[in-house]
Enquirer: 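I have a structure here, written as structure tokens, and I will follow up with some questions on it.
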Amino acid sequence: MTAHKYGFLIDASRCIDCRACLVACSAENNVSMKHTRIWIKDTGIVGEFPDLKHYTAPYHCMHCTDPACVSACTVGALQQNEDGIVTYDNDRCIGCRYCMYACPFEVPYFEWDKQFALITKCDFCISRLEEGQAEPACAATCPTDAIQFGSREEMLALARERIKNEPGRYVDHVFGEHENGGTSTFFISPVPFEQLGFPTTERTESSARFNREVTEIGTPIIASAVALGMTGIYLALKPKTGKHAAEKTEHTEEKTAQAQEE
Amino acid sequence: MTQSLSRRDFLKLGGAAAAALAAGSFLPPRAAQAARDAGLLDANGDGYIPSMCEMCVWRCGLIAKVKDGRVVKLDGNPEHPHSKGNLCPRGQAGLMNTYDPDRVLTPLIRVGRRGEGKFRKASWEEALDLTASKMLEIKEKYGAEAMVFSTTHCLTQQQFENIMYAFGSPNYGTQRSLCFNAMITAFLLTYGIEEPARNYENVEFILMVGRNMMEAISTSETSELSHAIDRGAKLVYLDPRYTKTASKAAEWIPIRPGADSAFLLAMINVIVLNDLADCEFVKQYTVGCDGIQDAMRRYTPEWAEKITGVPADTIERIAREYAAAKHCALAHPGWRTSNFVNSFQTERAIATLNALSGNVLIEGGCLSTDVTEEGSGLAKPPQPPYPRMSALRLDGTPWKYPLVPLKLGVFQELRDAIITGEPYQAHGWFISRQNPIQALPDRNKTLEAFAKMDFVATVDIIMNDTAWYSDVVLPEASYLERYDPLLPVDGKAYIRQPVIEPQGEAKSALWIYKQLSERLGIGDYFQYTDEEDYIRQQLKPLGVSLEEVKEKGYAEMPEEEKNGEITFNTPSGKIELYSETLKNAGFSPWPTWEEPPAPAENEFYLLTGKVAQHTQFGTQNNQLLHKYSDEPRLWMNAKIAADRGLADGDWVEVTSKVGRANIRLLATEAIRSDCVYMAPGYGHLSKGLTTAFGLGASDSVLHETYTDPISGGQALSQTFVKVKKTADGPAETPKPLYLGE
């Protein structure tokens, strides 16, 4: 018998792009004004006037069943709980950014502008759940139930049921069911996920296995040293170029501001 | 000492307030003690407190999480019918309104020229004494009517009106004529009620005319609409713009601006000439059943096609679908319906369509006229009758606008009368939580009206543009820091209570108004010792203690007795499709077509409309909302932009008859080729808004003033603009606009 696992179901056909979930996440987790743990994925306005379509969906950490970030983290800052939540401990993080490169979903959000940079990402509002509240902040506040929260099995079953009941409304694809070996966040959508700007991941097996093979060759100490060295090199180079910072900032701004373009 | 309110000074104020709060925390603060007594906070002062949102006027129930004397999170209260556990982005960001570093936390008295932003701190004693003495001086010299009063929908509106009427002035400026006069006047004349309630439970067909429910969010109703669509209800949405609501509609009809009533009249034509209406209902409950066929005969779908640009067969099909859904059809009354001088006719046509579907009285029908009066069942402090007033209202109600209800008024006309001095000159303005400089059309005119004033006092929580141009600023406690009178909704009276201490010197409106009224010699109208006493007096007939209400968040009210008889509060007691009242006032007794003005070649309709992250002009400085807001830009159809050599992101100059603004362009397919759109509430003048200042441009600068002669509504979409490329960039870095000495 496996432990109870949490899950999200996010329905792009219901999302109205109001961003209550984004604000709720920032308030609940005291996320700084420059960073975010949650974005809006957006098709943009598609078509020609007056035959238009527009879909959006909130997007955050997928909480993979076999998370690549956890396997890539050399210091155990990223951990997976029994309930499926992938947590992050900033006291352990050395800022090596391996998780960023390991994540096939482009989720860990690196605080490039900080002297000692850490990451920020969704943790299912674990402290909120521990206080006895029923749902993470984003799911609790969503006025259209575009974000729903429950057990992983329930959410997956609900996703399949909706597609089955309304085949005209959704594409036949539960994003997260097989991607990267399966996740705890499921999406359903009226349009293919590439159109929403989701990363395309063909793999049905997590890249975590590959990461483990790599990290298990060396000792954790060597890995840590390498990581520290990389960070040092990065910090030394950053003020001169600032290129990555600019790229990342642009990238993330794009994420939060994509809808704004439309 | 002269002091300019720079950001740094504001931060200092905030810092001082925080220090004062820290020092005060050794004694149990009042709000915390009260919350502890009600069992809401633990020994450390942490816990959850039920209260009510004020980020818009929907007033969702909320639960505030409090930790170490600070509010750290707001959630929707599942027990409140307006939130049902949800909050919109504005509600979620409410704590940043309270913790805005730009909060005004002490009374301020102007020392520089108006608009220069130079104020000095003052004690409440001094600021209130000054305000009262100036008001009394104006009354002495020119009569009480020379004081203008204005405020916006809020829970202390009645106390505000108490000051105004007890003082003796009829001059009342509310936001209503800028917002929903057309809707309310039309429904009053047709059904005898201001705004019918919508019921989505059984809805199958929803017609929305510019009601952008997915962006102009009313949390529970937005939620109900979304769930209705999920259940398979069909939404037909009329809007020249492809909004987020359009993206959820089964059919989006990009109708020509100002032509809504032609579309709706043609729907009525199809329904009545083909006998598709609910005849039994119409015969029994309406006036006009006999003549409606003749009155509507000329409004054929073919006629409407020429005006609206919508194919006749589309109109006919939609009319038939609407009629087929019978009482499960809903023609939504809308909300901000101040679009064109014919908007009243649009609303009359909507009112008529609902009556024809018979959805009004039937159990499970989609429109309910069974709305109980606000405040019934609660008591209030005793007060003497108001003194008699003989002065004409400056806004022309009712002597120029006979059908505009007094409580609605015509704000834009009031402003114009201040400028012309006709029929008499106003000299002072007392404003509470309203921002006429941003809200009224034609900002330059509004500034001109301010220049005419001997004295302006403003109550607000931040230095909005109107406070910036005031002589005295009285800092109100935010909605998370204060009590307001109880609000009855669906058989329960809900409380807004302080979840944290007021910061700095901020005070509740109940306190400010009482203090001011005592200085004005009208203290008899404010017979309560403090906010808690006010609520205790309200609760008396219910036999419920304040402590119980604080803990639960509401008090149960006794069920209203219904007498079963169906009457409407109209002269005939029926739904008046045909209105003798309108006829007697010299207007068409039937819903009718009135051709509104159209733009010349090379001009565009300037559209306005909400975004989900902001409420009018009051939230742009909220950092959490700013974080997730789009850059405010001018929408223009992508093909038209390309034809004119304009690229997405270009700076353009937008010019109307009355103003000019520079803004970046958004080239998009999501708008008609003859329209441009600007989000409202940007282009602030006040440098006391460090987040919002310098963002976007103000549509109020561009809006021309046009008043619908029947409802008094301002026609906000009747401004036509020219757009051209400019190299100037954000030229609206507002040049200092100093007024007077």
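Because the structure is predicted, anything quoted here is derived from the model rather than measured. Per chain, numbering begins at 1; letters A, B, ... match sequence-line order.
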Enquirer: Which bit of B:K84 is near chain A, if near means a heavy-atom gap under 4.5 Å: side chain, backbone, both or neither?
Expert: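 For B:K84, there is no contact with chain A at all, as no heavy atom is under 4.5 Å.
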
Enquirer: With chain B as the partner chain, list the residues of residues 145-152 of chain A whose heavy atoms fall under 4.5 Å from it, by residue number, and write 'none' if nothing qualifies.
Expert: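 Under the 4.5 Å heavy-atom cut-off, A:D145 qualify.
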
Enquirer: Looking just at side-chain N and O atoms, do A:H35 and A:S32 make a donor-acceptor pair shorter than 3.5 Å?
Expert: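 A:S32 and A:H35 do have a side-chain donor-acceptor pair below 3.5 Å.
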
Enquirer: Side-chain donor-acceptor pair under 3.5 Å between A:T43 and A:H54, yes or no?
Expert: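 No donor-acceptor contact under 3.5 Å links the two side chains.
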
Enquirer: Checking heavy atoms, do the side chain of A:C15, its backbone, both or neither come under 4.5 Å from chain B?
Expert: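 Backbone of A:C15 only, per the 4.5 Å heavy-atom cut-off to chain B.
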
Enquirer: Would you say that B:Y242 contacts B:I671 through its side chain, given a criterion of any heavy-atom pair below 4.5 Å between the two side chains?
Expert: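 SC-SC contact between B:Y242 and B:I671 ruled out.
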
Enquirer: Quick one: sort the A:H173 and A:F193 rings into parallel, tilted or perpendicular, breaks at 30° and 60°.
Expert: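 Perpendicular: the ring planes of A:H173 and A:F193 meet at over 60°.
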
Enquirer: Salt bridge between B:K248 and A:D17, side-chain N to carboxylate O under 4.0 Å?
Expert: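 No, B:K248 and A:D17 are not salt-bridged.
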
Enquirer: Name the member of B:L625, B:L87, B:N637, B:T245 that forms the most heavy-atom pairs with chain A at distances under 4.5 Å.
Expert: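 Looking at each option in turn, the highest pair count goes to B:L87.
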
Enquirer: Between B:D648 and B:R664, does any NZ, NE, NH1 or NH2 come within less than 4.0 Å of an OD or OE carboxylate oxygen?
Expert: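 A salt bridge is absent here (no side-chain N lies under 4.0 Å from a carboxylate O).
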
Enquirer: Need one label for B:R90: side chain, backbone, both or neither, based on atoms under 4.5 Å from any heavy atom in chain A.
Expert: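 No part of B:R90 comes within 4.5 Å of chain A.
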
Enquirer: Could you label the plane-to-plane angle of the A:Y59 and A:W39 rings as parallel, tilted or perpendicular, counting under 30° as parallel and over 60° as perpendicular?
Expert: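 Correct class here is tilted.
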
Enquirer: Looking at B:V611, B:N86, B:V72, which has the largest count of heavy-atom pairs under 4.5 Å with chain A?
Expert: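 It is B:N86.
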
Enquirer: With only heavy atoms counted, which part of B:L225 is less than 4.5 Å from chain A, the side chain, the backbone, both or neither?
Expert: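 For B:L225, neither part sits under 4.5 Å from chain A.
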
Enquirer: Is A:K5 salt-bridged to A:D83, cutoff N-O under 4.0 Å?
Expert: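 So A:K5 does not pair with A:D83 through a salt bridge.
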
Enquirer: For the pair B:H80 and B:H82, name the ring-plane relationship: parallel under 30°, tilted 30 to 60°, perpendicular over 60°.
Expert: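 Ring orientation of B:H80 relative to B:H82: perpendicular.
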
Enquirer: Against chain A, label B:D230 side chain, backbone, both or neither, depending on which of its atoms sit under 4.5 Å from a heavy atom there.
Expert: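 Answer is both: backbone and side chain atoms of B:D230 are under 4.5 Å from chain A.
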
Enquirer: Need one label for A:E135: side chain, backbone, both or neither, based on atoms under 4.5 Å from any heavy atom in chain B.
Expert: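 For A:E135, there is no contact with chain B at all, as no heavy atom is under 4.5 Å.
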
Enquirer: Do side-chain atoms of B:S83 reach the backbone of B:N77 as a donor and acceptor pair under 3.5 angstrom?
Expert: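 Between the backbone of B:N77 and the side chain of B:S83 there is a qualifying donor-acceptor contact (under 3.5 Å).
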
Enquirer: For B:Y48, which atoms come within 4.5 Å of any heavy atom of chain A: side chain, backbone, both, or neither?
Expert: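 Only the side chain of B:Y48 comes within 4.5 Å of chain A.
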
Enquirer: Looking at B:R198 and B:E221, is there a salt bridge between them, counting it only when a charged N and a carboxylate O are closer than 4.0 Å?
Expert: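 Yes.
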
Enquirer: With a 4.5 Å cut-off on heavy-atom pairs, point out which of A:S13, A:G47, A:C18, A:A137 contacts chain B the most.
Expert: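 Of the candidates given, the most pairs with chain B belong to A:C18.
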
Enquirer: B:L95 versus chain A, heavy atoms under 4.5 Å apart: side chain, backbone, both or neither?
Expert: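 When you check distances to chain A, only side chain atoms of B:L95 fall under 4.5 Å.
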
Enquirer: For B:D42, I'd like to know if atom CG has over 12 heavy atoms of other residues, nucleotides or ligands within 6.0 Å.
Expert: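 Correct, the count exceeds 12.
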
Enquirer: If the contact rule is any heavy atom under 4.5 Å from chain B, which residues of residues 119-131 of chain A qualify, in numerical order?
Expert: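 The residues closer than 4.5 Å to chain B, in numerical order, are A:R128, A:E131.
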
Enquirer: Check this for me: does any side-chain nitrogen of one of B:R256 and B:D674 sit under 4.0 Å from a carboxylate oxygen of the other?
Expert: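 Salt bridge between B:R256 and B:D674, a charged N being under 4.0 Å from a carboxylate O: no.
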
Enquirer: As an exercise: rank B:P78, B:S223, B:G91, B:A612 by heavy-atom pairs under 4.5 Å with chain A and give me the winner.
Expert: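 Among the listed options, the one with the most contacts to chain A is B:S223.
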
Enquirer: Just checking, any donor-acceptor pair under 3.5 angstrom between side chains of B:S478 and B:Y99?
Expert: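 No.
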
Enquirer: Does any backbone or side-chain atom of B:I217 lie under 4.5 Å from a heavy atom of chain A? Answer side chain, backbone, both or neither.
Expert: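 Contact with chain A: side chain only.
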
Enquirer: Heavy-atom count check: over 12 atoms from other residues, nucleotides or ligands less than 6.0 Å from B:K639 NZ?
Expert: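 Enclosed: over 12 neighbouring heavy atoms sit under 6.0 Å from NZ of B:K639.
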
Enquirer: Between A:C142 and chain B, which part of the residue has a heavy atom less than 4.5 Å away: side chain, backbone, both or neither?
Expert: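 Answer is backbone: N, CA, C or O of A:C142 sit under 4.5 Å from chain B.
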
Enquirer: Can you check whether B:M214 reaches B:S226 side chain to side chain, under 4.5 Å on heavy atoms?
Expert: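 A side-chain contact under 4.5 Å exists here.
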
